[in-house]
Amino acid sequence: MLRIAVPNKGMLSEPAWNMLAEAGYRLRTNPRQLVVQDPDNDIELFYLRPLDIAVYVGRGAIDVGITGEDLLKNSGTEAIEHLPLGFGASTFRFAAPNDSPISKLEDIQGKRVATTFDKLVHDYLVEHGVEAETIHLDGAVESSVQLGVADLIADVVSTGTTLRNAGLRVFADPLMHSEACLIRSPRLDEKDPRLAVLSRRLQGVLTAHQYVLMDYDIPVSKVAAAVSVTPGFESPTISPLHDKQWNAVRVMVPKATVNQLMDDLYEVGARGIIVTALQASRM
């Protein structure tokens, strides 16, 4: 069986579970369940702490896992990023108190930096020639300055609300941008057929999230103009209608631009424009 690790909690957990469910895999039915066997799909699913997944994949007996790029980089293991998954986007930033003179990277010299991602921060500072003390905390990093543990923090930032509420402000360039990704063990062949199936399924879910199916009718004389608006992947499906002067077109289009495309098609002469959500795909 292919052993897959997923986060058992945190902001990546539910999107990861949903993606696997949409890809046809069995999930746990009890929140206390830490291992799920899915013999129909030849996988075994392990629910692990998000911070530990890259370690289990890189050094243990787990074949693949879903985690964040930041967590992978911080793990220091040989686990390999295999496929970006398009959710869990975040930015890793430095933040200092509003009344602190710390405002640029060079100001961190000789200071104390509290973070959960101590390896990632240490490596970044060394790379930029800054010497500072990195203090590891497992949580509540925002409170570390107020409680006298650190002079500033380095943490994942999504909206910045938590930092502002703690009286902190971000400064300097981001250490990195991160999103969820599928990682694989260095012991698992990149061409392993089980990994290929998993990758195709997840990519199919990603495509279904990013595209919709569009149907419309168009006069035969305006097909070329309509196809230039909606070229699709390889080519749209074009079928004759009972009225010989009209064709029906079916095509996949990006979900993000669907309303603009409908407006453009209407201007070209398309009518009966219908959009249908996709549940899964194989491209």
Side-chain angles (χ1 to χ4, degrees), residues 1-21 23 25-38 41 43-93 113-124 134-144 149 153-158 162 175-188 190 192 194-195 198-199 202:
M1 283 189 170
L2 187 72
R3 293 183 164 188
I4 305 174
V6 294
N8 66 350
K9 60 181 180 180
M11 72 173 194
L12 298 182
S13 58
E14 287 198 20
W17 304 342
N18 292 339
M19 177 168 275
L20 286 170
Y25 295 107
R26 180 185 301 171
L27 303 181
R28 65 184 179 186
T29 55
N30 184 331
R32 295 184 178 180
Q33 199 173 0
L34 298 179
V35 182
V36 175
Q37 291 192 341
D38 184 356
N41 290 300
I43 70 158
E44 196 170 12
L45 204 58
F46 292 81
Y47 291 79
L48 302 174
R49 286 200 332 148
L51 286 169
D52 297 336
I53 288 177
V55 176
Y56 280 104
V57 173
R59 299 176 180 169
I62 299 293
D63 298 307
V64 295
I66 294 177
T67 189
E69 292 172 323
D70 50 356
L71 295 170
L72 170 61
K73 189 170 183 178
N74 191 64
S75 71
T77 70
E78 295 181 358
I80 302 164
E81 181 176 346
H82 184 72
L83 177 70
L85 296 178
F87 65 85
S90 62
T91 307
F92 204 80
R93 303 293 300 264
V113 186
T115 183
T116 303
F117 300 78
D118 42 315
K119 184 181 186 306
L120 190 158
V121 173
H122 175 268
D123 291 350
Y124 182 88
T134 305
I135 299 172
H136 176 83
L137 294 175
D138 282 333
V141 174
E142 299 85 1
S143 304
S144 62
V149 173
I153 71 168
D155 202 10
V156 173
V157 178
S158 295
T162 303
L175 284 77
M176 71 174 296
H177 297 281
S178 176
E179 69 172 297
C181 59
L182 181 71
I183 62 174
R184 64 177 173 86
S185 166
R187 298 172 298 281
L188 181 68
E190 185 179 5
D192 188 296
R194 300 169 302 169
L195 177 61
L198 173 63
S199 299
L202 295 181

Do F87 and I66 pass the side-chain contact (heavy atoms from CB on, under 4.5 Å) test, and can you show the C-alpha distance, the side-chain angles, and the key distance before you say yes or no? CA-CA 11 Å; F87 65 85; I66 294 177; 4.2 Å; yes
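- Heavy atoms only, all atoms of each residue included: G88 and L12 are closest at CA-CD2, 3.7 Å.
- Contact check for I53 versus L71: no side-chain heavy atoms found under the 4.5 Å cut-off.
- Within a 6.0 Å radius of CD in Q33, other residues, nucleotides and ligands contribute more than 12 heavy atoms.
- Y25 places none of its side-chain heavy atoms less than 4.5 Å from the side chain of V36.
- Interatomic distance, N74 CG to T116 OG1, rounded to the nearest 0.5 Å: 8.5 Å.
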Go through the steps for L27 and L45 under the test side-chain contact (heavy atoms from CB on, under 4.5 Å), then give the verdict. CA-CA 8 Å; L27 303 181; L45 204 58; 3.7 Å; yes
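- Taking all atoms of both residues into account, the shortest heavy-atom contact from E142 to D155 is OE2-OD2, 3.4 Å.
- To the nearest 0.5 Å, atom CD1 of residue I183 and atom CG of residue L83 are 12.0 Å apart.
- Nearest heavy atoms, M19 versus L202: CG-CD2, 3.6 Å.
- Residue L48 holds its CG atom at 7.0 Å from CG of N8, rounded to the nearest 0.5 Å.
- H82 has its side chain out of reach of C181: every pair of non-hydrogen atoms, C-beta onward, lies at least 4.5 Å apart.
- Of the residues listed (V141, D118, V121, I153), the one engaging V113 in a side chain to side chain contact (heavy atoms under 4.5 Å, CB included) is V121, and it is the only one.
- Shown here is E78, whose CD atom has no more than 12 heavy atoms of other residues, nucleotides or ligands within 6.0 Å.
- The only member of R194, R26, R3, R28 that meets salt bridge (charged side-chain N to carboxylate O under 4.0 Å, His left out) when paired with E44 is R3.
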Are I43 and M1 close enough, and set up right, to give a side-chain contact (heavy atoms from CB on, under 4.5 Å), and what steps lead you there? CA-CA 5 Å; I43 70 158; M1 283 189 170; 5.8 Å; no
Tell me, with the steps shown, if R187 and S185 meet side chain to side chain donor-acceptor pair (under 3.5 Å). CA-CA 5 Å; R187 298 172 298 281; S185 166; 3.2 Å; yes
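- Residues K119 and S75 come closest through the heavy atom pair CD-C, 4.5 Å.
- Residue pairs meeting the side-chain hydrogen bond (donor to acceptor under 3.5 Å, both in side chains) criterion with at least one partner in residues 47-67, sequence neighbours excluded, are R49-D52.
- With contacts defined as side-chain heavy-atom distances shorter than 4.5 Å, the pair L182/L198 qualifies.
- Looking only at side-chain heavy atoms (C-beta outward), S144 and I135 stay at 4.5 Å or farther from each other.
- Between S90 and D70 there is a side-chain heavy-atom pair separated by less than 4.5 Å.
- Looking at V64 and L195, their side chains come closer than 4.5 Å, going by heavy atoms from C-beta outward.
- A54 approaches A79 most closely through the heavy-atom pair O-CB, 3.9 Å.
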Checking T115 against F92 for the side-chain contact (heavy atoms from CB on, under 4.5 Å) test, could you report, in this order, the C-alpha distance in whole Å, the side-chain angles of both residues, the deciding distance, and whether it holds? CA-CA 11 Å; T115 183; F92 204 80; 3.8 Å; yes
